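To start, the structure under review is shown below, and the notes come after it.
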Amino acid sequence: QVDLVESGGGLVQPGGSLRLSCAASGSGILGGPMGWFRQAPGKEREFVVAIRKTGSIVNGAISVRGRFTISRDNAKNTVYLQMNSLKPEDTAIYYCSAARYYYTSRDYWSSADYDYWGQGTQVTVSS
């Protein structure tokens with residue numbers, strides 16, 4: 001079993017930045033990508049971005065490209081999401097996710113591709 005704990009959410013003004021962290025702990029296998037999904041009120045959960053153990057990126061939502069950067073520290077089993085130029089439409093609960101194994105046949109865009117989930121952290125972008 002692997003537990004994921006997110007931190008770094010909060011309230012920020014439009015144009016501001018936040019950095020989310022997700023630390024994994026436990027004895028379970030963590031060989032696949034780690035990533036971020038988000039869910040805004042009344043909307044479906046949306047894949048944001050993920051990163052493989054090798055460091056290669058799995059791109060998700062077009063709306064965040066060029067503004068959000070994902071990184072991973074394998075030694076610490078931690079993934080980060082640096083969010084810049086935040087917009088009100090980025091307001092959502094952000095969930096960290098991790099896959100037990102890496103399969104080349106999977107694209108890791110779907111929540112079904114992930115085995116572990118964090119509890120979520122609220123990000124609110126508002127003036």
Side-chain angles (χ1 to χ4, degrees):
Q1 181 61 35
V2 171
D3 295 318
L4 302 178
V5 178
E6 301 109 331
S7 61
L11 173 64
V12 64
Q13 292 187 342
S17 298
L18 281 176
R19 188 193 194 208
L20 305 184
S21 299
C22 172
S25 62
S27 59
I29 296 172
L30 200 60
M34 295 183 72
W36 295 92
F37 286 73
R38 67 183 181 183
Q39 189 165 17
K43 294 189 176 181
E44 293 186 356
R45 190 169 293 192
E46 175 187 39
F47 172 60
V48 178
V49 67
I51 184 168
R52 301 178 182 92
K53 251 192 162 178
T54 58
S56 62
I57 305 298
V58 183
N59 281 309
I62 294 175
S63 62
V64 308
R65 297 184 194 181
R67 300 188 297 122
F68 290 12
T69 302
I70 190 170
S71 59
R72 179 171 180 167
D73 186 333
N74 289 326
K76 295 181 179 180
N77 285 332
T78 300
V79 65
Y80 306 94
L81 185 66
Q82 178 66 43
M83 305 185 295
N84 298 328
S85 302
L86 283 161
K87 304 176 181 180
E89 50 263 43
D90 294 318
T91 295
I93 298 175
Y94 283 71
Y95 296 93
C96 176
S97 60
R100 188 178 294 122
Y101 300 108
Y102 176 63
Y103 299 100
T104 56
S105 59
R106 293 182 181 178
D107 52 30
Y108 293 96
W109 296 341
S110 169
S111 58
D113 293 329
Y114 296 85
D115 303 289
Y116 309 114
W117 292 88
Q119 80 287 353
T121 185
Q122 177 71 47
V123 171
T124 302
V125 185
S126 174
S127 54

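Quick caveat, the model's predicted, so the values are computed rather than measured.
- For the pair Gln122 and Thr91, the tightest heavy-atom approach, listed with the atom from each and the gap, is NE2-CG2, 4.0 Å.
- Across Lys53 and Gly31, no two heavy atoms sit closer than the pair CD-O, 4.1 Å.
- Contact of the Leu11 side chain with the Ser126 side chain is registered, since non-hydrogen atoms from C-beta on lie closer than 4.5 Å.
- A distance of 12.0 Å separates CD of Gln82 from CD1 of Ile70, quoted to the nearest 0.5 Å.
- Here CD1 of Ile93 is found 15.0 Å from CZ of Phe37. Values are rounded to the nearest 0.5 Å.
- The main-chain N or O of Ala99 is never found under 3.5 Å from a side-chain atom of Asp113 such that the two would form a donor-acceptor pair.
- The two residues Leu30 and Ala98 make their nearest non-hydrogen contact at CD1-CB, 3.4 Å.
- Criterion: ILVMFWY side-chain heavy atoms under 4.5 Å apart, direct or through other members. Under it, Leu20 and Tyr95 are not part of a common hydrophobic cluster.
- Other residues, nucleotides and ligands contribute more than 12 heavy atoms inside 6.0 Å of the CD atom of Glu89.
- Contact of the Cys96 side chain with the Val79 side chain is registered, since non-hydrogen atoms from C-beta on lie closer than 4.5 Å.
- One distance of note links OG of Ser25 with NZ of Lys76; it measures 15.0 Å at 0.5 Å rounding.
- The cluster map of Ile, Leu, Val, Met, Phe, Trp and Tyr, joined by side-chain heavy atoms under 4.5 Å apart, puts Tyr101 and Val58 in the same cluster.
- Here the side chains of Asn77 and Val2 are not in contact, with every heavy-atom distance at 4.5 Å or above.
- A donor-acceptor pair is defined here as one N or O able to donate and one able to accept, closer than 3.5 Å; such a pair exists between the side chain of Arg65 and the backbone of Gly60.
- Here the side chains of Tyr116 and Gln1 are in contact, with some heavy-atom distance below 4.5 Å.
- The aromatic rings of Tyr108 and Tyr102 sit parallel to each other, their planes meeting at less than 30°, with 60° as the upper class boundary.
- Hydrophobic clustering keeps Ile51 apart from Phe47 (ILVMFWY residues linked when any side-chain heavy atoms are closer than 4.5 Å, directly or through intermediates).
- Residue pairs meeting the ring pair (Phe, Tyr, Trp, His ring centres under 6.0 Å) criterion with at least one partner in residues 60-88, sequence neighbours excluded, do not occur; the list is empty.
- Taking CE of Met83 as the reference point, atom CZ of Arg19 lies at 11.5 Å (rounded to 0.5 Å).
- There is a path of hydrophobic side-chain contacts, each under 4.5 Å, that joins Tyr103 to Trp109.
- No donor-acceptor distance shorter than 3.5 angstrom exists from the side chain of Arg100 to the backbone of Asp115, with no hydrogens or angles considered.
- Taking both residues in full, the closest heavy atoms of Ser85 and Ser17 are given as N-OG, 4.3 Å, listed atom of the first, atom of the second, then distance.
- Shown here is Trp117, whose CH2 atom has more than 12 heavy atoms of other residues, nucleotides or ligands within 6.0 Å.
- Looking at Glu6, its side chain does come within 3.5 Å of a backbone N or O of Gly120 through a donor-acceptor pair.
- Pairing each heavy atom of Ala40 with each of Ala92, the nearest pair is N-CB, 3.8 Å.
- Met34 CE to Thr78 OG1: the interatomic distance, rounded to the nearest 0.5 Å, is 7.0 Å.
- Distance alone, capped at 3.5 Å, places no donor-acceptor pair between the Thr121 side chain and the Tyr94 backbone.
- Within the model, atoms CG of Leu86 and CZ of Arg67 stand 6.5 Å from one another, a figure rounded to the nearest 0.5 Å.
- Residues Arg38 and Asp90 are in side-chain contact: their nearest non-hydrogen atoms beyond the backbone lie under 4.5 Å apart.
- Side chain to side chain, Thr54 and Ser56 meet the donor-acceptor criterion of an N or O pair below 3.5 Å.
- Tyr114 is connected to Ile29 through a chain of hydrophobic side-chain contacts under 4.5 Å among Ile, Leu, Val, Met, Phe, Trp and Tyr, so both are in one cluster.
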